[in-house]
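One structure is given here, and the rest of the page talks about it.
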Amino acid sequence: MKKVLFVTSEAHPLIKTGGLADVAGSLPKALAELSQDIRVIIPNYQAITTQDAHYRCTVRVDNRDVNILETQLPESNVPVWLVDCSELYSTPGNPYLDENGEPWENIAERFAVFCRIAVEVAMNRTELDWKADIVHCNDWQSGLVPALLSLEEERPKTVFTIHNLAYQGLFPPATYHALNLPGQLWNPSGLEFHEMLSFIKGGLTYSDRITTVSPTYALEIQTPEFGYGLEGLLSHRQDILSGIINGIDMDDWNPKTDPNLPQGYDASSLDKKLINKTELQKQVGLPVDAEIPVFGLVSRLVQQKSIDLLIEIIPEIITMPIQIIMLGSGDSNLERELNNFARLYPDKISVTIGYNEKLAHLIEAGIDVFLMPSRFEPCGLNQMYSQRYGTIPIVRHTGGLADTVVDAMPETLADNTASGIVFSDAEAGSLQEALKRCLILFKDKKTWSKLQKAGMKKDFSWKNSAKQYLDLYESM
Ligand code: ADP
Ligand code: GLC
């Protein structure tokens, strides 16, 4: 049995902005089921409202007293340690943005303190009385942990998982000094990146193993197109770099038992999916129509997700008999453009700006086709949720999308493996072609239901991937 400290900046359902939360809320549970002693550590943001957290101890780092509270991942007995420091985390906003949607001015300090506490816990220098064998870090917010641990004797082994290389935690050199980080880490083969402080380099340089969330993304990040200048470092470390595809929480995302749906269904009662379609159309104010193909999207509205490509083709595709239902938030220009389309075509397009967990589930169940044309996608979860919900994903051939969706081609339809539509180029024309191809398939009810059933049959659970993480821990 390994003692694993899982360091993350978000974990569903305590706090979530994207897929990292889904992973941090479900992978630790899967590892606990494999009899590992796993503990999650996360900042105690104001938005975390759990009632049952209790005080465990106080730790002093960098002239600051920080409390550690303990709760559990809901519906599990995985302990969660909340790093409680009111002057840093008790402010309204999300983990990365203040209440005006601007990045936290003190974001480097927020996560540097968090990392220092994680190191104290991992080294058993707190009253928690628990020493980690493995510290499993996630994304740049935890990147200083492997760096700081590299200076310790008898330290635990470290794993760093890249969920998204596009976010690196880059700060001016003055921040390095303001954070009182050890001088020996400040060099081009350490935390320095083009004379900036790079949190993510702490993970990439100093951890014992690097993983990313799909095998294809593990290869992509070793190329200039996806590597953001870090491809050299990643290729250099390719022997300890691997891709492990994310699983999904099979209880949270189960169309049969999902409490967010007016009507549960599974592969043997697919006709009942229609009740959800009707309810969704009513809820978002589109004409109720059982026959019309409904396309949907639930996403952070950022460049990564190719929302601009969709915007480019809307004037053309809206002449076809389709409806589009979108839910998301992010870039204010993209939000504005999507809202404009919803105003222009109120009978065809519905746009909800904001974050809405319940609606996200109803969209997955109620639509026919999920759009995920991402420029890059380290793993992506919605294409897997879609397949489980009998919703056909249209995805670009990149990262985890390439690894989890099988394109509908004559051969794959013949052997029942086809589960979606995959296209290659990050161009509006290619996306439009994919949509047209999808509409042809939609008309052929028999083939469509074959696609749906193939997706619903696939095993997206954590079973295999959690085992791969365990093998990795054991290999160190
Ligand atoms: P990323 O982590 O890059 O945002 P993923 O596909 O891995 O992409 O995960 C996104 C997660 O966030 C999914 O669970 C998705 O349903 C959820 N999500 C994204 N935007 C919203 C939103 N506006 N409302 C509710 N859930 C959302
Ligand atoms: C990131 C990626 C997404 C991935 C998620 C969870 O936010 O953008 O592709 O699914 O992390 O690993």
Side-chain angles (χ1 to χ4, degrees), residues 6 8-13 15-28 94-96 101 136-142 160-168 200 211-218 220-221 226 243-249 252-253 258 260 284 296-307 325-331 334-335 338 350-365 367 370-389 391 393 395-396 398-405 460 462 465 469:
F6 195 87
T8 177
S9 59
E10 44 184 284
H12 177 73
I15 179 92
K16 166 168 167 178
T17 74
L20 170 58
D22 293 22
V23 172
S26 52
L27 170 59
N94 82 21
Y96 321 117
H136 188 156
C137 300
N138 296 276
D139 274 356
W140 75 262
Q141 296 84 0
S142 58
F160 185 80
T161 297
I162 305 166
H163 295 263
N164 198 329
L165 194 64
Y167 301 93
Q168 300 175 1
I200 203 167
T211 69
T212 187
V213 287
S214 68
T216 295
Y217 194 59
E220 288 173 338
I221 54 178
F226 297 90
I244 300 178
I245 196 84
N246 285 335
I248 65 172
D249 190 317
D252 261 12
W253 292 93
D258 191 333
N260 303 294
V284 301
L297 173 142
V298 179
S299 182
R300 293 184 296 117
L301 303 176
V302 293
Q303 210 248 359
Q304 171 188 351
K305 307 290 179 179
S306 302
I307 309 296
I325 297 175
M326 291 181 269
L327 164 65
S329 66
D331 183 303
L334 294 174
E335 291 181 353
L338 292 179
S350 148
V351 172
T352 307
I353 300 297
Y355 186 87
N356 185 332
E357 192 79 27
K358 205 171 162 63
L359 181 58
H361 283 249
L362 180 60
I363 290 179
E364 281 293 6
I367 61 174
F370 194 93
L371 295 167
M372 219 156 159
S374 311
R375 289 201 164 75
F376 65 96
E377 197 61 78
C379 179
L381 297 170
N382 279 109
Q383 81 283 9
M384 294 193 269
Y385 301 152
S386 296
Q387 289 170 80
R388 186 128 206 260
Y389 278 58
T391 294
V395 304
R396 196 171 94 72
T398 186
L401 301 176
D403 293 340
T404 56
V405 181
F460 291 116
W462 271 108
S465 298
Y469 279 110

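All ligand and atom numbering here is 1-based and tracks the order in the structure. Owing to the predicted nature of the structure, the values given are computational and were not obtained by experimental measurement.
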* Is Glu377 reaching over with its side chain to a backbone N or O of Thr398, donor-acceptor style, under 3.5 angstrom? -> no
* Would you say Ser299 touches ligand 1, if touching means a heavy atom closer than 4.0 Å? -> yes
* Asked: Any idea which protein heavy atom is nearest atom 3 (C) of ligand 2, and the distance to it?
  -> Glu377 OE2, 3.3 Å
* Quick one: does Glu10's side chain have a donor or acceptor within less than 3.5 Å of a partner on Leu20's backbone? -> no
* Asked: Is a donor on one side and an acceptor on the other found under 3.5 Å between the side chain of Asp249 and the backbone of Asp252?
  -> yes
* Structure fact -> Within the 4.0 Å heavy-atom cut-off, what Asp22 brings close to ligand 2 is neither
* Pull out every atom of ligand 1 sitting under 4.0 Å from any heavy atom of Gly328, numbered as shown with elements. => 23 (N)
* Protein heavy-atom partner closest to atom 2 (O) of ligand 1 - residue, atom, separation in Å -> Gly19 N, 2.6 Å
* **Flag, side chain of Asp403 to backbone of Thr216, donor-acceptor distance under 3.5 Å** => yes
* Protein contact of atom 27 (C) of ligand 1 - nearest heavy atom, named by residue and atom, plus distance -> Tyr355 CE1, 3.4 Å
* Side-chain donor or acceptor of Ser142 paired with backbone N/O of Thr8 under 3.5 Å -> no
* How close does the nearest protein non-hydrogen atom get to atom 1 (C) of ligand 2, and which residue and atom is it? -> His163 O, 3.1 Å
* To do: Run the ring-centre check on Trp253 versus Tyr385 and record whether the distance is less than 6.0 Å.
  => yes
* With sequence neighbours excluded, residues passing salt bridge (charged side-chain N to carboxylate O under 4.0 Å, His left out) with Asp139 -> none
* Does any N or O in the side chain of Ser306 come within less than 3.5 Å of the main-chain N or O of Pro373, such that one atom is a donor and the other an acceptor? -> yes
* Asked: Tell me: protein heavy atom nearest atom 4 (O) of ligand 1, and distance?
  -> Arg300 NE, 2.7 Å
* Consider every N or O of Cys379 and every N or O of ligand 2, then say whether any pair is closer than 3.5 Å. => yes
* Asked: Is Gly354 close to ligand 1, meaning an N/O of one under 3.5 Å from an N/O of the other?
  -> yes
* To do: Taking only heavy atoms of Asn246 into account, list the atoms of ligand 2 that are under 4.0 Å away from them.
  => 6 (C), 10 (O), 12 (O)
* Structure fact -> atom 18 (N) of ligand 1: closest protein heavy atom, distance to 0.1 Å, is Val298 CG1, 3.9 Å
* **Test of proximity, Asn382 against ligand 1: N or O pairs below 3.5 Å** => yes
* **Polar side-chain atom of Arg300 near backbone of Gly330 as donor-acceptor pair, under 3.5 Å** => no
* To do: Taking all non-hydrogen atoms of both residues into account, name the closest pair between Leu327 and Asn356 and its distance.
  => CD2-O, 3.5 Å
* To do: For ligand 1, indicate whether the residue Glu364 contacts it via side chain, backbone, both or neither (heavy-atom separation under 4.0 Å).
  => neither
* Taking only heavy atoms of Val213 into account, list the atoms of ligand 2 that are under 4.0 Å away from them. => 12 (O)
* Any idea which of Leu381, Leu359, Leu297, Asp22 brings a heavy atom closest to atom 14 (O) of ligand 1? -> Asp22
* For atom 12 (O) of ligand 1, which of His361, Met384, Lys16 has the closest heavy atom? -> Lys16
* Can you say whether the rings of Tyr389 and His361 are parallel (under 30°), tilted (30 to 60°) or perpendicular (over 60°)? -> perpendicular
* Can an N or O of Glu357 be found at a distance shorter than 3.5 Å from an N or O of ligand 1? -> no
* Proximal atoms of ligand 2 relative to Val23 (non-hydrogen, under 4.0 Å) -> 6 (C), 12 (O)
* Of the backbone atoms (N, CA, C, O) and the side-chain heavy atoms from C-beta on, which set of Pro378 has a member under 4.0 Å from an atom of ligand 1: side chain, backbone, both, or neither? -> neither
* Under 4.0 angstrom from ligand 2, any heavy atom of Gly380? -> yes
* Which of the ligand 1 atoms, numbered from 1, are nearer than 4.0 Å to a heavy atom of Ala360 -> 25 (C), 26 (N)
* Asked: Has ligand 1 got any nitrogen or oxygen that is less than 3.5 angstrom from a nitrogen or oxygen of Asn356?
  -> yes
* Excluding sequence neighbours, so at least two apart, what forms ring pair (Phe, Tyr, Trp, His ring centres under 6.0 Å) with His163? -> none
* To do: Could you list the atoms of ligand 2 found under 4.0 angstrom from a heavy atom of Gly19?
  => 5 (C), 6 (C)
* **Rounded distance [0.5 Å steps], OG1 in Thr391 versus CD in Gln383** => 12.5 Å
* To do: Say whether, by atom type as modelled, one donor and one acceptor occur between the side chain of Ser299 and the main chain of Leu301 under 3.5 angstrom.
  => no
* **N or O pair under 3.5 Å between Met372 and ligand 1** => no
* Under the 3.5 angstrom rule, does the side chain of Thr211 hit a backbone N or O of Ile244 as a donor-acceptor pair? -> no
* Structure fact -> Closest heavy-atom approach to atom 1 (P) of ligand 1 among Lys305, His163, Glu377, Lys358 is made by Lys305
* Asked: Got a donor-acceptor contact below 3.5 angstrom from the Gln303 side chain to the Arg375 backbone?
  -> no
* Structure fact -> So for Leu20 against ligand 2, with non-hydrogen atoms under 4.0 Å, the contacting part is backbone
